[in-house]
2 protein chains.
Amino acid sequence: MDKHIALAVFESLSSGLRLDVFRLLVRSGPDGLVAGEISAALDVTPTNLSFHLKALTQAGLLTVTQEGRYQRYRADLPLMQKLITYLTEECCGGNPECCFDISASRKTADTNP
Amino acid sequence: MDKHIALAVFESLSSGLRLDVFRLLVRSGPDGLVAGEISAALDVTPTNLSFHLKALTQAGLLTVTQEGRYQRYRADLPLMQKLITYLTEECCGGNPECCFDISASRKTADTNP
DNA sequence: TCAATATTTCAATAATTGTTGTACTATTGA
DNA sequence: TCAATAGTACAACAATTATTGAAATATTGA
């Protein structure tokens, strides 16, 4: 992952509202949600939500598909995975000894041994 | 990791300059760098750098120790590890099937099989 | 066809964040 | 002790980002 892509992701998730939107869509699974459902769930005006959905989509964190007059948004999990890989490499790049700790934290996050 | 801590990290890394500072300090290893070295390396005015160092430190991404009249900054790798864990859990929480992909990306990032 | 619905675009404004220069504090070394 | 150095704090300003309301676009269902 290129640095400027990582930066775009950080910029996107640096707003509490956008982070809420993204987390909501992650929890909503593969079906995602249409804009109105997000607006209702988070109690944001449609105009403001649209502004933030656009930012998240342009950063690649969301995908949109039109369904009639609805716009369905989904979280782009693969990009998040790439970000995790990037962060791991950034941390370990010059510091091999740091990788041990990261590998330990991965074990903690894992469900199966 | 609490959501508002993750948000603080995202906010910190949402500036190109702050991301550069953090990456520089990660690459600099356990000894870190003093403020003047960072200022010279990135060609930022001391005042402006101080502003961003403060932001990074308050978010917990950097630690500072005084050495005489110098201030030595180091990247806080454990926090980054916690962020990676958080992101992994956020992504996989409601979507177990997503974990397979993340586990695949982890293998790619791993150096040993 | 047409009123209702879903969402976005645009312009105006509010709020936040980034940058610069000057002044200040603390420490060193002569 | 005192001039030089390292860094931060503060205030002013510039620039960016967030929020709102009104208007526009597109789609549906009656």
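Scope of the values below: all heavy atoms of this structure, side chains included, with no hydrogens, waters or symmetry mates. The sequence lines fix the lettering, A, B, ..., with proteins before strands; numbering per chain opens at 1. These numbers were taken from a predicted model, which means no experiment stands behind them.
Computed from coordinates, the Lys54(B) NZ to dG18(C) C1' distance equals 14 Å when rounded to whole Å. At whole-Å resolution of the value, CD in Glu11(B) and C1' in dA18(D) are 13 Å apart. dT13(C) atom C1' lies 13 Å from atom CZ of Phe51(A), rounded to whole Å. With rounding to whole Å, Asn48(A) atom CG is found 17 Å from dC10(C) atom P. If you measure from atom NE2 of His52(B) to atom C1' of dT17(C), you get 9 Å, rounded to the nearest angstrom.
Using modelled atom types, no side-chain atom of Thr57(A) and backbone atom of Thr63(A) make a donor-acceptor pair closer than 3.5 Å. Between the side chain of Asp2(A) and the backbone N or O of Ile5(A) there is no donor-acceptor pair closer than 3.5 Å. Side-chain atoms of Ser14(A) come within 3.5 Å of backbone atoms of Glu11(A) as a donor-acceptor pair (strictly under, hydrogens ignored).
End-to-end axis angle of the helix from dT1(C)-dA30(D) to dA30(C)-dT1(D), from C1' rotation axes over five pairs per end: 20° (rounded to 10 degrees).
Residue-level contact check: Arg72(B) touches neither bases nor backbone, having no heavy atom under 4.0 Å from any strand.
In this structure, of dA18(D), dT7(C), dT8(D), it is dT7(C) that holds the atom nearest to the side chain of Gln71(A).
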*asked:* Generate the contact string for nucleotides 23-30 of chain D. Rules: B means base contact, S means sugar-phosphate contact only, - means no protein heavy atom under 4.0 Å.
replied: ----BS--
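Between Leu49(A) and Tyr73(B), the residue whose closest nucleotide on DNA chain D is further toward the 5' end is Tyr73(B).
Look at Arg18(A) and you won't find any side-chain N or O under 4.0 angstrom from OP1 or OP2 of dT17(D).
Residues Val9(B) and Lys82(B) are not in side-chain contact: their nearest non-hydrogen atoms beyond the backbone lie 4.5 Å or more apart.
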